[in-house]
Amino acid sequence: MSEIRYVRGDATAPSAKGVKVIAHVCNDLGGWGKGFVLALSRRWPEPEAAYRAWHRDRASNDFALGAVQFVQVEPYVWVANMIGQRGMRTGSKGAPVRYEAIGTALGRVADRAAGLEASVHMPRIGCGLAGGKWSRVEPLISDRLARRGVPVTVYDHGDAA
């Protein structure tokens, strides 16, 4: 069993050897333009283009809560667009985060990471614009990834924790 490693830094620039998967949470509305996705788009255009096409063609593909789209952006770097957020705003139905969908998506990321012999890197997924609580997300990461031996690094950006 691996432990989750916490570092201060940029999740779009993982400091690890070998194949890396950068995992992040997307909404189910096709919206891409706030939060961590901006950092991804500054670095690579492919994840946004792939996500938008995936959403646009959703009638004929697997675009739904819990689904994951893997986009190769460098020879040893993949981005995992995980659908783990219903909508984009906190409203009468609560925060957009969907913990069950994140858990399902993380299981799919673990399968791919194991096949690639990759480490997984991420910000504190589901806890920014999605409105989730890390106390609910962290156990999902431990269960779906770390317990299976997949090395996981969580990045905190900037000076504040």
Side-chain angles (χ1 to χ4, degrees), residues 1-6 11-12 14 19-41 44 46-73 77-155:
M1 177 162 154
S2 295
E3 300 229 344
I4 300 171
R5 199 172 127 240
Y6 291 87
T12 69
V19 179
K20 297 166 275 294
V21 175
I22 300 170
H24 72 107
V25 169
C26 300
N27 63 66
D28 64 351
L29 295 178
W32 181 291
K34 288 187 175 173
F36 182 70
V37 298
L38 295 177
L40 282 173
S41 290
W44 306 286
E46 298 92 348
E48 177 179 358
Y51 169 79
R52 290 189 185 280
W54 189 29
H55 177 263
R56 186 175 51 250
D57 300 333
R58 66 191 176 282
S60 60
N61 65 36
D62 66 344
F63 186 97
L65 285 169
V68 184
Q69 179 188 52
F70 294 92
V71 182
Q72 191 167 15
V73 293
V77 181
W78 294 77
V79 171
N81 292 333
M82 304 187 300
I83 309 299
Q85 185 180 325
R86 163 72 37 92
M88 291 188 266
R89 290 191 177 76
T90 297
S92 61
K93 292 184 172 72
V97 68
R98 292 295 179 266
Y99 298 108
E100 186 176 309
I102 290 173
T104 299
L106 287 170
R108 292 180 170 134
V109 169
D111 291 343
R112 178 63 69 97
L116 293 169
E117 296 181 12
S119 54
V120 175
H121 305 264
M122 65 183 74
R124 290 188 186 239
I125 58 169
C127 297
L129 297 169
K133 296 190 179 348
W134 188 246
S135 62
R136 302 244 342 243
V137 174
E138 185 182 43
L140 296 171
I141 296 167
S142 293
D143 183 55
R144 303 302 197 290
L145 293 164
R147 190 170 56 82
R148 289 184 56 185
V150 176
V152 179
T153 303
V154 173
Y155 294 75

Quick one: are P47 and V73 in side-chain contact, heavy atoms under 4.5 Å? yes
Is the shortest heavy-atom distance from the side chain of V71 to the side chain of W44 under 4.5 Å? no
Might you point out which heavy atoms bring V120 and A113 nearest each other, and give the distance in Å? CG2-CB, 3.8 Å
Note, L145 side chain near M122 side chain (heavy atom, < 4.5 Å): yes
Only distances under 3.5 Å count here; give the side-chain donor-acceptor pairs of residues 95-109 to other protein atoms, sequence neighbours excluded, each with its distance to 0.1 Å.
from, atom 1, to, atom 2, distance (Å)
R98, NH1, A95, O, 2.9
R98, NH1, P96, O, 3.4
Y99, OH, K133, N, 2.9
T104, OG1, E100, O, 3.1
R108, NH1, G66, O, 2.5

The side chain to side chain donor-acceptor pair (under 3.5 Å) partners of W78 (sequence neighbours excluded) come to none
Quick one: sort the Y155 and H121 rings into parallel, tilted or perpendicular, breaks at 30° and 60°. tilted
Under 3.5 Å, side chain of D143 to main-chain N/O of P139, donor-acceptor pair present? no
State, to 0.1 Å, how close A146 and V152 come at their nearest heavy-atom pair, and which atoms those are. N-CG2, 4.4 Å
Calculate, to the nearest 0.5 Å, the distance between atoms CD and CD1 belonging to Q85 and I125 respectively. 11.5 Å
If you round to the nearest 0.5 Å, how far is OG of S142 from CZ of R148? 14.0 Å
Surrounding CZ of R52 (heavy atoms of other residues, nucleotides or ligands, distance under 6.0 Å), is the total greater than 12? yes
Heavy-atom closest pair, residues W54 and V68: CH2-C, 3.7 Å
Compare all side-chain heavy atoms of R124 with those of Y6 and state whether any distance is below 4.5 angstrom. yes
Given the rule in the side chain to side chain contact (heavy atoms under 4.5 Å, CB included) test, do V137 and C127 qualify, once you have shown the distances and angles that lead to the verdict? CA-CA 8 Å; V137 174; C127 297; 4.1 Å; yes
Nearest heavy atoms of H55 and R58, plus distance in Å: O-NH1, 2.8 Å
Under the side chain to side chain contact (heavy atoms under 4.5 Å, CB included) rule, what do F63 and D57 come out as? Steps first, then yes or no, please. CA-CA 8 Å; F63 186 97; D57 300 333; over 6 Å; no
Please round to the nearest 0.5 Å and tell me the distance separating atom CD of Q69 and atom CD1 of I83. 7.5 Å
Could you tell me which non-hydrogen atom of W134 sits nearest to which non-hydrogen atom of I141, and how far apart they are? CH2-CD1, 3.4 Å
Is V154 close to R5 at the side-chain level, that is, under 4.5 Å between some pair of heavy atoms? no
If you look only at distance, which donor and acceptor atoms sit under 3.5 Å apart when one is on a side chain in residues 23-35 and the other is two or more places apart or in another chain?
from, atom 1, to, atom 2, distance (Å)
H24, NE2, N81, OD1, 2.6
N27, OD1, L29, N, 2.8
N27, OD1, G30, N, 3.1
N27, OD1, G31, N, 3.2
N27, OD1, Y51, OH, 3.1
N27, ND2, G31, O, 2.7
D28, OD1, G87, N, 2.7
D28, OD2, R86, NE, 2.6
W32, NE1, S41, OG, 2.8

